[in-house]
K.L.:
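Sending over a structure as structure tokens; questions will come in a sec.
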Amino acid sequence: MSRYEITFARSARRQLEALEARLVARVWARIQRLADQPRPPGCRKLEGEEGLWRIRVGVYRVLYEIRDETRVVDIVAVRHRRDAYR
């Protein structure tokens with residue numbers, strides 16, 4: 001099975017870069033694993049959001065879209081859980 005390409009919304013890249021370095025490394029490692037398995041154990045499809053999924057990394061959430069036809073995982077947001085669903 002071929003890997004998925006990971007793309008970022010500009011705002012999601014800024015959110016990731018704003019985190020402290022240790023946390024960036026953890027979040028980035030989880031994002032990279034989405035290339036092999038875009039629906040890992042523990043991921044959730046968001047209710048009421050067309051095609052959005054989320055994974056948890058500590059108290060942070062990575063929100064993303066999966067486009068199976070083009071094999072792309074588009075990272076939409078990287079936010080603290082209190083801000084993730086607004």
Side-chain angles (χ1 to χ4, degrees):
M1 178 166 31
S2 64
R3 294 171 52 95
Y4 281 67
E5 178 185 355
I6 304 289
T7 62
F8 280 83
R10 184 176 292 138
S11 58
R13 186 173 294 280
R14 278 197 302 266
Q15 291 163 351
L16 180 62
E17 291 169 350
L19 301 177
E20 64 182 66
R22 199 177 75 238
L23 192 53
V24 169
R26 278 183 59 206
V27 172
W28 180 242
R30 290 290 303 276
I31 288 172
Q32 285 181 306
R33 282 191 248 154
L34 293 174
D36 291 319
Q37 190 175 15
R39 295 172 184 88
C43 75
R44 279 255 165 83
K45 189 163 185 348
L46 295 184
E47 303 265 331
E49 294 289 336
E50 191 62 36
L52 270 187
W53 294 75
R54 71 110 171 104
I55 54 172
R56 299 183 333 187
V57 184
V59 295
Y60 283 84
R61 303 296 181 261
V62 177
L63 306 179
Y64 61 99
E65 245 183 299
I66 303 169
R67 295 195 203 109
D68 290 310
E69 63 283 347
T70 55
R71 306 208 51 86
V72 170
V73 172
D74 187 29
I75 308 300
V76 176
V78 178
R79 298 185 188 137
H80 191 281
R81 71 178 190 186
R82 72 174 167 254
D83 303 320
Y85 308 110
R86 295 181 187 175

K.L.:
Quick check: is Val72 connected to Val76 through a chain of hydrophobic side chains (ILVMFWY, heavy atoms under 4.5 Å apart)?
P.N.:
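In one cluster with Val76: Val72, no.
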
K.L.:
In sequence, state the C-alpha distance, the side-chain angles, and the governing distance for Tyr4 and Leu34, and then conclude on side chain to side chain contact (heavy atoms under 4.5 Å, CB included).
P.N.:
CA-CA 8 Å; Tyr4 281 67; Leu34 293 174; over 6 Å; no

K.L.:
Residues in salt bridge (charged side-chain N to carboxylate O under 4.0 Å, His left out) with Arg39, at least two apart?
P.N.:
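Applying salt bridge (charged side-chain N to carboxylate O under 4.0 Å, His left out) to Arg39 gives Asp68.
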
K.L.:
Would you please test Leu52 and Glu65 for side chain to side chain contact (heavy atoms under 4.5 Å, CB included) and show each step?
P.N.:
CA-CA 5 Å; Leu52 270 187; Glu65 245 183 299; 4.2 Å; yes

K.L.:
With rounding to the nearest 0.5 angstrom, report the CG to CZ distance, Leu63 to Arg54.
P.N.:
9.0 Å

K.L.:
Just jot down the side-chain contact (heavy atoms from CB on, under 4.5 Å) partners of Arg81, sequence neighbours excluded, or say none.
P.N.:
Arg61

K.L.:
Which atoms form the tightest heavy-atom contact between Ala77 and Ala12, and what is the distance?
P.N.:
N-CB, 3.7 Å

K.L.:
Would you list the atom pairs, donor with acceptor, under 3.5 Å between side chains in residues 18-27 and any protein atom, with sequence neighbours excluded?
P.N.:
residue, atom, partner, partner atom, Å
Glu20, OE2, Arg22, NH1, 3.4

K.L.:
Within a 6.0 Å radius of atom CD on Glu69, are there more than 12 heavy atoms belonging to other residues, nucleotides or ligands?
P.N.:
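Enclosed: over 12 neighbouring heavy atoms sit under 6.0 Å from CD of Glu69.
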
K.L.:
Check whether Phe8 and Trp53 end up in the same hydrophobic cluster, where Ile, Leu, Val, Met, Phe, Trp and Tyr are linked by side-chain heavy atoms less than 4.5 Å apart.
P.N.:
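As far as the 4.5 Å side-chain criterion goes, Trp53 and Phe8 are connected within one cluster.
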
K.L.:
Using atom types as modelled and distance alone, determine if a side-chain donor or acceptor of Tyr64 lies under 3.5 Å from a backbone N or O of Pro38.
P.N.:
yes

K.L.:
State which residues pass side-chain hydrogen bond (donor to acceptor under 3.5 Å, both in side chains) with Thr7; sequence neighbours excluded, sorted by chain then number.
P.N.:
Asp74

K.L.:
Say you draw a straight line from CD1 of Ile75 to CD1 of Ile31; how long is it, rounded to the nearest 0.5 Å?
P.N.:
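Going from CD1 on Ile75 over to CD1 on Ile31, the span is 4.5 Å.
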
K.L.:
Not counting sequence neighbours, which residues clear salt bridge (charged side-chain N to carboxylate O under 4.0 Å, His left out) with Glu47? List them please.
P.N.:
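Per chain and number, Glu47 pairs via salt bridge (charged side-chain N to carboxylate O under 4.0 Å, His left out) with no residue.
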
K.L.:
If I compare all heavy atoms of Val78 with all of Gln15, which pair ends up nearest, and what's the gap?
P.N.:
N-OE1, 2.7 Å

K.L.:
Which pair of non-hydrogen atoms, one from Pro40 and one from Ile55, has the smallest distance, and what is that distance?
P.N.:
CG-CG2, 3.9 Å

K.L.:
In chain order, what residues pass the salt bridge (charged side-chain N to carboxylate O under 4.0 Å, His left out) check against Arg10, with sequence neighbours excluded?
P.N.:
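Per chain and number, Arg10 pairs via salt bridge (charged side-chain N to carboxylate O under 4.0 Å, His left out) with no residue.
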
K.L.:
In Å and rounded to the nearest 0.5 Å, what is the CZ to OH distance from Arg82 to Tyr60?
P.N.:
7.0 Å

K.L.:
If you measure from CZ on Arg71 to CD1 on Ile66, what distance do you get to the nearest 0.5 Å?
P.N.:
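Reported to 0.5 Å precision, the distance equals 11.0 Å.
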
